[in-house]
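Predicted model, so just to flag it, every value in this text is computed and none were measured.
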Amino acid sequence: MSNIKLIIRALPYFHKYRLTLFLDLICAAFTTASEMILPLLLRKLTSVGMEDISLITFSFVSKLALIYLAIKIVEIIAQYFMTNIGHIMGAKIETDMRRDLYSHLQTLSYSFYNETKVGVIMSRITNDLFDITEFAHHCPEEYFIGAIKIIISMVILLSINVKMTIYIYILIPVMIYFAGYFRTKMRDAQKAQKVHVGNLNSAIEDSLLGIRVVKSFANEEIENEKFMYENNKFLGIKKLFYKSMAGFNTITRIFDGLMYLVLIFSGGYFMMAGEIEPQDMIVYVLYVQSLLATVKRIVEFTEQFQKGMTGIERFTEIMNVKSDIYDRDNAVSYDNVKGDIEFKDVTFAYEKGDRNVLENFNCLIKAGQKLAIVGPSGAGKTTICNLIPRFYDVNSGSVLVDGHDVRDIKLKSLREKIGIVQQDVYLFSGTIKDNIAYGKPGATDMEVIEAAKLAGAFEFIETLPNGFDTYVGERGVKLSGGQKQRISIARVFLKNPPILILDEATSALDNKSEMIVQDSIEKLSKGRTTLTIAHRLTTVQNADLILVMTKDGIIERGTHEELMNNRGYYYNLYTKGGRLE
């Protein structure tokens, strides 16, 4: 995206703080006052002295000094406001953009997260927006000050000598033109740098989260090599950036020298020709120095400008991603859910061109019924469960809840009526109480305790040193698999949904933990429409209906007794150990 488009994209965030920005720019104008007026005061002093030295009196000098002192005091106050309030404005804009980015990420579907590394997302939320504070504050400020100085300098210099001023100002657009090439290179390198920071973060996150596996295989050296490869790649990108920056600075120094050469030659010539007075030449030099300092400052700010532009571009890229799962215009809230679920001619593939995971799939689950789905990996069991809460949408056909197409129900309303217990339990960093209460924000302590009792978690929680206030660690690392599973079940008890999905909820547990958790699940599923995906066939014997699925679809259906009497696929699995791999 062009810089203009990126700036337009960021303007709404500035609009909220337009008064602060306006005051900041006013203060920026005041800060230039002493620098721009000082040469005029010196010119006045020099001119009077060269005309008649007796006119340089204490009163005259004091007046000039007081004028400059008053201007300097205003400049100091304005500079304080710019440094303090201006930076806070930039930080607020950064905060607003991060808030909107995080909120937008919450709306994106599973498909986005399947394709995007968490480390990359983290980089965009944090690192990419760090430069926004400096950019939001300094960008309008620096260019505004630069514009004031360039314009005022040009007016004053033209009043002294038109020809010499034209020679000086002709060099400025030429310098900007040649510097543009390196500026583009800097921006490309800056973007590549930010992209790779995300990859580097992702590699670090992956390694550290799997540190137990790394240590168990004694593969620390392999992880170090992988990290050094990414780290050195990042160094290479930074080298390209600094090489471009060196070229950029070289161009500006070349034109800096050219300006002084023009000043020496043309100034000397016009003084010889009597077209410029010596005192005016001194003022001219001071303003050219101010002009060059302004151009240099803008050039130096270009690095920060490019970082800001890259941050806005990376922000915009995420904000432009549209979720493929969204509420239809006519979607409604549906509160009185009974729990009837029906799949009608459902066909689904995760990506276009991929093999259909489900094809013309049909199934009816009556309210309060317990349905179990068994079969080998890749048969589409989890896919069926993902289509009900609309983690994905069907390619064709429809999924109905109480006769309503789930696409016609608002997402929040739909998902509030569905409880999910998965094999891979995710607990948030916090206390046990926090994690249980996640199922019902604002739940009372008594409600949390009751949910824990129903899930069979109360006994082990009470034995912990801090009870419900025990810190579970990142992802619940301080708890066993069975304990984490019971907390996740308590969370669903608290939510109290009419539809329950159990996705291999006990397959990763030992036999003792499985028995405890299975008892909790039996309590949880009572009176609810329940879909169970299981590897251990012993856990589905009490289901009202069992579907046996392979990659060819449903090959058997019935109760446990009916399937055993059929002596088919299910019978063979059950008699050979009763576990699917």
Side-chain angles (χ1 to χ4, degrees), residues 3-4 7 11 14 18 20-44 46-47 67-68 70-72 74-79 81-83 86 135-180 183 251-253 255-263 266-267 270 275-277 279-302 304-305 308:
N3 286 344
I4 297 296
I7 290 172
L11 281 179
F14 285 87
R18 58 191 181 278
T20 304
L21 179 61
F22 175 75
L23 292 175
D24 185 63
L25 294 180
I26 293 296
C27 289
F30 283 135
T31 60
T32 64
S34 61
E35 185 178 348
M36 301 306 295
I37 291 176
L38 179 61
L40 295 177
L41 295 177
L42 293 175
R43 182 189 188 191
K44 179 68 175 176
T46 307
S47 298
I67 291 171
Y68 181 72
I71 293 170
K72 196 66 180 177
V74 172
E75 177 200 347
I76 291 170
I77 295 172
Q79 186 64 51
F81 181 89
M82 286 169 57
T83 305
F135 171 83
H137 172 218
H138 287 297
C139 182
E141 182 183 289
E142 293 294 339
Y143 287 121
F144 182 68
I145 291 174
I148 290 176
K149 287 185 177 181
I150 289 172
I151 292 171
I152 292 178
S153 296
M154 183 172 65
V155 171
I156 294 173
L157 293 177
L158 283 172
S159 69
I160 295 173
N161 189 287
V162 175
K163 292 179 182 178
M164 192 159 60
T165 303
I166 292 173
Y167 297 154
I168 292 293
Y169 272 79
I170 281 176
L171 291 174
I172 294 177
V174 178
M175 180 187 70
I176 293 173
Y177 173 78
F178 281 103
R183 187 175 64 182
I251 287 292
T252 59
R253 286 186 175 275
F255 280 91
D256 184 12
L258 285 175
M259 283 188 181
Y260 279 113
L261 281 174
V262 170
L263 185 61
S266 59
F270 289 126
E275 296 183 26
I276 186 171
E277 297 296 328
Q279 66 268 27
D280 288 338
M281 186 62 189
I282 293 173
V283 174
Y284 201 97
V285 170
L286 290 174
Y287 274 110
V288 169
Q289 285 180 334
S290 176
L291 177 64
L292 287 173
T294 300
V295 173
K296 284 181 181 178
R297 189 175 176 88
I298 292 174
V299 167
E300 290 169 359
F301 177 69
T302 299
Q304 185 63 52
F305 176 82

Smallest heavy-atom separation, Leu25 atom then Pro140 atom, equals CD2-O, 3.6 Å
Going by side chain to side chain donor-acceptor pair (under 3.5 Å), name the residues that satisfy it together with Glu75, two or more places apart in sequence or in a different chain.
Ser34, Lys72
Using side-chain heavy atoms (C-beta onward) and a distance below 4.5 Å, is Leu40 in contact with Ile156?
yes
Which residues pass the ring-ring contact (aromatic ring centres under 6.0 Å, His included) test with Tyr260, sequence neighbours left out?
none
Sequence neighbours excluded, which residues qualify as side-chain contact (heavy atoms from CB on, under 4.5 Å) partners of Cys27?
Ala78, Phe81, Met82
Can you find a pair of side-chain heavy atoms, one from Tyr68 and one from Ile37, that are under 4.5 Å apart?
no
Could you name each residue pair satisfying side-chain hydrogen bond (donor to acceptor under 3.5 Å, both in side chains) that touches residues 154-176, not counting sequence neighbours?
Thr165-Tyr284
Apply side-chain contact (heavy atoms from CB on, under 4.5 Å) to Thr46 and list each qualifying residue two or more places apart in sequence or on a separate chain.
Met50, Gln279
So do the side chains of Ile145 and Thr294 get within less than 4.5 Å of each other, counting heavy atoms only?
no
Can you confirm whether more than 12 heavy atoms, excluding those of Phe30, are under 6.0 Å from its CZ atom?
no
Can you tell me if CG on Leu11 sees more than 12 non-hydrogen neighbours from other groups inside 6.0 Å?
yes
Working to the nearest 0.5 Å, report the span between CG of Leu42 and CG of Leu38.
4.5 Å
The side chain to side chain donor-acceptor pair (under 3.5 Å) partners of Thr31 (sequence neighbours excluded) come to none
Nearest non-hydrogen partners of Asp24 and Gly86, listed with the distance
OD1-CA, 3.9 Å
Is Ser290 reaching over with its side chain to a backbone N or O of Leu286, donor-acceptor style, under 3.5 angstrom?
no
Testing the basics here: between Met36 and Ser153, what is the closest heavy-atom pair and its distance to 0.1 Å?
CE-OG, 3.5 Å
Ignoring hydrogens and angles, tell me if any N or O in the side chain of Tyr287 forms a donor-acceptor pair with the backbone of Lys149 under 3.5 Å.
no
Once you round to the nearest 0.5 Å, how far does OG1 of Thr32 lie from CD1 of Ile71?
10.5 Å
Going by heavy atoms in the side chains, are Val162 and Glu275 under 4.5 Å from each other?
no
